[in-house]
Amino acid sequence: MHKIVPALVSLVLISGAGACGAAGPAPAAAPVNTPPAVSATPVVIDEMPDEEPIATATPARVGSPVTVKGKGNKNTKKFELYGDYEVKVTYSGNSSQYGPTNFIMSVEAVGGAQPVDGSIANVIKSKGRIDTNIYGFAGEYYLDVDAEGVWQAEFTPQ
């Protein structure tokens with residue numbers, strides 16, 4: 001079974017009428033509906049005005065390992081932290097004639113650094129080790145330490 005396309009039939013009939021020797025001008029050809037041409041080029045619709053910048057992500061600055069050592073109560077020198085860190089703290093000799101005393105250590109921000117502070121330790125023991133994690137640091141910091149003995153804090157970027 002064959003399919004007959006009406007557009008082709010009308011073209012054959014119109015062109016055939018002139019060939020049969022009919023008098024007079026040939027009738028005008030009926031318009032043929034053709035589908036629109038398919039473009040091989042992809043279409044891009046840009047909804048962003050040219051004057052608006054496109055947001056781009058800046059890679060996070062990766063911090064360096066930091067080790068801070070000291071003895072007794074102290075606000076340490078400034079150091080930089082960027083990102084997340086594993087923190088290992090050791091301390092000893094943290095006692096008085098009455099027994100173990102407080103060992104308190106926190107990370108404090110300098111200027112507009114974020115986060116503002118981070119508590120690392122708050123214990124009553126003469127010696128020990130504390131392992132913890134801190135997150136989202138970006139800027140300059142110092143340690144605020146309340147202790148009787150020696151201590152060390154190692155910051156390792158994660």
> Which atom names give the shortest non-hydrogen contact between Pro100 and Ser126, and what distance separates them?
Replying inline: CB-N, 3.7 Å
> To the nearest 0.5 Å, what is the distance between CG (Asp146) and CG (Asn122)?
Replying inline: 9.0 Å
> How many angstroms lie between CZ in Phe137 and OH in Tyr85, if you round to the nearest 0.5 Å?
Replying inline: 9.5 Å
> So, does Asn94 use its side chain to make a donor-acceptor pair with the main chain of Asn102 at under 3.5 Å?
Replying inline: yes
> Okay, side chain of Tyr98, backbone of Ser95: is any donor-acceptor separation there less than 3.5 Å?
Replying inline: no
> So Val123 and Tyr91, side chain to side chain contact (heavy atoms under 4.5 Å, CB included) or not? Walk me through it.
Replying inline: CA-CA 11 Å; Val123 295; Tyr91 60 96; 3.2 Å; yes
Pairs of donor and acceptor atoms involving the side chains of residues 64-78, under 3.5 Å and at least two apart or interchain, shall be tabulated with distances.
unit_1, atom_1, unit_2, atom_2, d
Asn73, OD1, Ala147, N, 2.8
Thr76, OG1, Leu143, N, 2.9

> Are Val89 and Val150 connected, step by step, through hydrophobic side chains (Ile, Leu, Val, Met, Phe, Trp, Tyr) whose heavy atoms are closer than 4.5 Å?
Replying inline: no
> Ile104 and Val107: same hydrophobic cluster, using ILVMFWY side-chain contacts below 4.5 Å?
Replying inline: no
> Who passes side-chain hydrogen bond (donor to acceptor under 3.5 Å, both in side chains) against Gln158, sequence neighbours left out?
Replying inline: Asn133
>> My understanding is that only residues two or more places apart in sequence, or in another chain, count here; which of them pass side-chain hydrogen bond (donor to acceptor under 3.5 Å, both in side chains) with Gln152?
In response: Glu154
> Pairs in or reaching into residues 125-135: which pass salt bridge (charged side-chain N to carboxylate O under 4.0 Å, His left out), with residues at least two apart or in two chains?
Replying inline: Arg129-Asp131
> Can you name the ring-ring contact (aromatic ring centres under 6.0 Å, His included) partners of Phe79, sequence neighbours left out?
Replying inline: Phe155
> What pairs with Thr132 under side-chain contact (heavy atoms from CB on, under 4.5 Å), at least two apart in sequence or on another chain?
Replying inline: Val87, Ile120
